[in-house]
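Down below is the structure, laid out as structure tokens.
The structure presented is a predicted model; accordingly, all values stated were derived computationally and were not measured. These numbers come from the heavy atoms of this one structure, side chains and all, not from hydrogens, waters or symmetry mates. Ligands are counted one by one from 1 in listed order, and the atoms in each one are counted from 1 as well.
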Amino acid sequence: METTANNIKLTIDLKVLQHTILHYKTIDSTNRFLLDAEDLRNGTVVLADDQTAGRGRFNRVWQSLPEKALLFSILLNKFYNLRTPAVYTFLAAVGVYRGLRKILPASINLSLKWPNDVLLNGKKVCGILVQGKIAGGCYEKLVIGIGLNVNQPPQFFVDKLERATSLAAETGVEWNRDEVLNHALTAIDHLLIVLQESGERPIIVMWQDACESIGQEIAIDDGKKVYRGIFDGLSEDGGLRLQTKSGPMQFYAGDVTVLKEQNNAVSD
Ligand code: BTN
């Protein structure tokens, strides 16, 4: 399954991310690989054509089709000024969003959904999973895992629990995965520099600017209860601020549904 990596040399301009990426045809999970690996350089990128145990949030399975998606993870290690994991989720989402905006026609709607999704025409095209390894009470490394649906056909998404899609399903054409990856990595690399130089605030602001559900009525399921209210943007530390009938609340985990969208779906 996990064969030897075939190195790919990127020719794009990168300052934090490594130019040589580790490419596997099949691996269990690119996140698991980087969490377990030792002595890899900061900014190492691992890319797979297929995963046998791809993981999503809440330990859900992340499925794809061989050679149809971009499945990759980025290592940030202890020699880097590591910040809270949440900001890297937002950073990666904004990076993918900006990378896609550069190549997609303006007619395609792109947006972000809290906390870790990129939406294409309202459907999930990309999910992000940031995981960390703790040693001595602090993070020894963080791994940013990104699953971006590129060329899966529309039928792949029928019967999936989440409303999901791919670039090809929305645009009707096949995309060059290397080109999409280069755009996403260029944008993420730039944002890592912004974070280093200016801190979390600009990342939070960029994320909010790209999120269309702020100001709308949403429901958030925190695993115990569903709360309804108006999505009031992000707190400084990336929490979701909700204005409910009984007052303001803040969430750090949960599944969000935009209620306007849900009503539309019912009346369609
Ligand atoms: C989610 O939306 O739940 C997050 C999905 C993250 C999937 C990616 S694919 C590459 C990396 N390796 C994994 O096992 N998961 C992430």
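- With sequence neighbours excluded, the residues that form a ring pair (Phe, Tyr, Trp, His ring centres under 6.0 Å) with Y227 are F251.
- L71 belongs to a hydrophobic cluster with W62, counting contacts under 4.5 Å between side-chain heavy atoms of Ile, Leu, Val, Met, Phe, Trp and Tyr, direct or through other members.
- Listed by chain and residue number, I12 satisfy the side-chain contact (heavy atoms from CB on, under 4.5 Å) test with T186 (two or more places apart in sequence, or in another chain).
- To the nearest 0.5 Å, the span separating CG on D232 from CD1 on I230 amounts to 9.0 Å.
- When only modelled atom types and interatomic distance are considered, T20 and N7 share no side-chain donor-acceptor pair under 3.5 Å.
- For the 3.5 Å distance criterion, the side chains of Y252 and D237 qualify, holding a donor opposite an acceptor.
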Once you restrict both partners to nitrogen or oxygen, which atoms of ligand 1 have a protein partner under 3.5 Å, and how far apart are they?
| residue | atom | partner | partner atom | Å |
| --- | --- | --- | --- | --- |
| ligand 1 | 2 (O) | N116 | ND2 | 3.2 |
| ligand 1 | 2 (O) | K124 | NZ | 2.6 |
| ligand 1 | 3 (O) | R57 | N | 2.7 |
| ligand 1 | 12 (N) | T30 | OG1 | 3.1 |
| ligand 1 | 12 (N) | Q51 | OE1 | 2.9 |
| ligand 1 | 14 (O) | S29 | OG | 2.8 |
| ligand 1 | 14 (O) | R55 | N | 2.8 |
| ligand 1 | 15 (N) | R55 | O | 2.7 |

